[in-house]
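Treat the numbers as computed from the prediction; the structure is a model and nothing was measured. Both backbone and side-chain heavy atoms feed into the values below; hydrogens, waters and symmetry mates do not.
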Amino acid sequence: VLPLVLAMVLSEVAGGRMDARQLAMLGVLAAVGTILRPLSAGTAGFELIFFILILAGRVYGAGFGFALGAITLFTSALITSGVGPWLPYQMLSAGFVGLFAGLLPRATGKAEIWLLAGYGMVSAFAYGWVMDFSFWPFGIGSGTPISFDPNIGPLENLHRFVLYNIATSMGWNLGRALTNAALIALVGPSLLRLLRRSARRAEFTAAFDEPAVHDSR
């Protein structure tokens, strides 16, 4: 996953969509997310990093959002002892949360906040479903009404997965969704202004001195 993230960043730089200032902001926001994740610890779905991925992806673009999500999950896993076979799935899933935030349609003012809050709720459930699906076929064994069975059809397995998700993860997904929506509604407007101010590219123009006027008198 890390080579994929590096390739994404290099592509953004080569395409002129990311400059030195945005690379520095990528590091700063990843560090902020790394610090915030142990503070929330995901208790009851209360997680403080996803709203940052959404707002940053909205301002800086899809590539930046993907890189930020993957890097934040990787670095935070190192300090929370969260490294395991689930980590690549977490990195990719969080990366796509930031990526799709950069692809949302244009909106301004309160409409933009509503759009981002709604996306925060949808992406919270999508993240939980993808993470559940990554280990569900292997995680609970066989022989239960909610376990994966290779001998039945895909629709029946999908029905079992929905039951499994409701029984084990729905509360966490709902908590994550409400946290995203609440944080985006509360701090989204001010944080968007701050990020957009830092995203403005410096523009330099040559200064020409006016020719001196010679007095012929």
Flag yes if more than 12 heavy atoms outside [X] fall under 6.0 Å of its [atom1] atom; otherwise flag no.
X: Leu158; atom1: CG; value: yes
X: Phe125; atom1: CZ; value: yes
X: Phe135; atom1: CZ; value: yes

In one Ile/Leu/Val/Met/Phe/Trp/Tyr side-chain cluster, 4.5 Å: [X], [Y]:
X: Leu55; Y: Leu103; result: yes
X: Leu6; Y: Phe64; result: no
X: Phe46; Y: Leu36; result: yes
X: Trp114; Y: Leu186; result: no
X: Leu2; Y: Val83; result: yes

Considering all heavy atoms, the nearest [X]-[Y] contact:
X: Val5; Y: Ala70; answer: CG2-CB, 3.5 Å
X: Met25; Y: Ser198; answer: CE-OG, 3.5 Å
X: Asn173; Y: Gly128; answer: OD1-CA, 3.3 Å
X: Asn180; Y: Ser123; answer: ND2-OG, 4.4 Å
X: Gly69; Y: Leu53; answer: CA-CD2, 3.7 Å
X: Ala117; Y: Ala181; answer: O-CB, 4.0 Å

Checking Phe74 against Leu87 for the side chain to side chain contact (heavy atoms under 4.5 Å, CB included) test, could you report, in this order, the C-alpha distance in whole Å, the side-chain angles of both residues, the deciding distance, and whether it holds?
CA-CA 7 Å; Phe74 175 73; Leu87 180 57; 4.1 Å; yes
Ser169 side-chain N/O to Trp172 backbone N/O, donor-acceptor pair under 3.5 Å
no
Examine distances only and state if a side-chain atom of Ser190 and a backbone atom of Val187 form a donor-acceptor pair shorter than 3.5 Å.
yes
Would you call Arg58 and Glu112 a salt bridge, taking side-chain N to carboxylate O under 4.0 Å as the test?
yes
About how many Å separate [atom2] of [Y] and [atom1] of [X], when rounded to the nearest 0.5 Å?
X: Leu29; Y: Thr72; atom1: CG; atom2: OG1; result: 7.5 Å
X: Ile35; Y: Ile49; atom1: CD1; atom2: CD1; result: 13.0 Å
X: Asn165; Y: Trp129; atom1: CG; atom2: CH2; result: 7.0 Å
X: Leu92; Y: Gln90; atom1: CG; atom2: CD; result: 10.5 Å
X: Ile52; Y: Leu183; atom1: CD1; atom2: CG; result: 9.0 Å
X: Met8; Y: Leu68; atom1: CE; atom2: CG; result: 12.5 Å

Got a sec, which pairs hit side-chain hydrogen bond (donor to acceptor under 3.5 Å, both in side chains) with one end in residues 92-105, sequence neighbours left out?
none
Leu23: partners by side-chain contact (heavy atoms from CB on, under 4.5 Å), with sequence neighbours left out:
Val9, Val13, Met18
Mind checking whether [X] and [Y] have side chains closer than 4.5 Å, heavy atoms only?
X: Ile184; Y: Leu191; value: no
X: Phe66; Y: Leu4; value: yes
X: Leu104; Y: Tyr119; value: yes
X: Tyr89; Y: Met131; value: yes

Test Leu48 against Phe50 for side chain to side chain contact (heavy atoms under 4.5 Å, CB included), laying out the working first.
CA-CA 6 Å; Leu48 299 176; Phe50 288 98; over 6 Å; no
Parallel, tilted or perpendicular, judged at 30° and 60°: which one describes the rings of Tyr164 and Trp136?
tilted
Side chain to side chain contact (heavy atoms under 4.5 Å, CB included) evaluation trace for Phe148 with Arg160:
CA-CA 7 Å; Phe148 174 76; Arg160 290 187 173 204; over 6 Å; no
According to the salt bridge (Lys or Arg N to Asp or Glu O under 4.0 Å) rule, which pairs have a member within residues 132-153, sequence neighbours left out?
none
Starting from the C-alpha separation in whole Å, work towards a yes-or-no answer on side chain to side chain contact (heavy atoms under 4.5 Å, CB included) for Tyr60 and Leu26.
CA-CA 10 Å; Tyr60 292 108; Leu26 178 63; over 6 Å; no
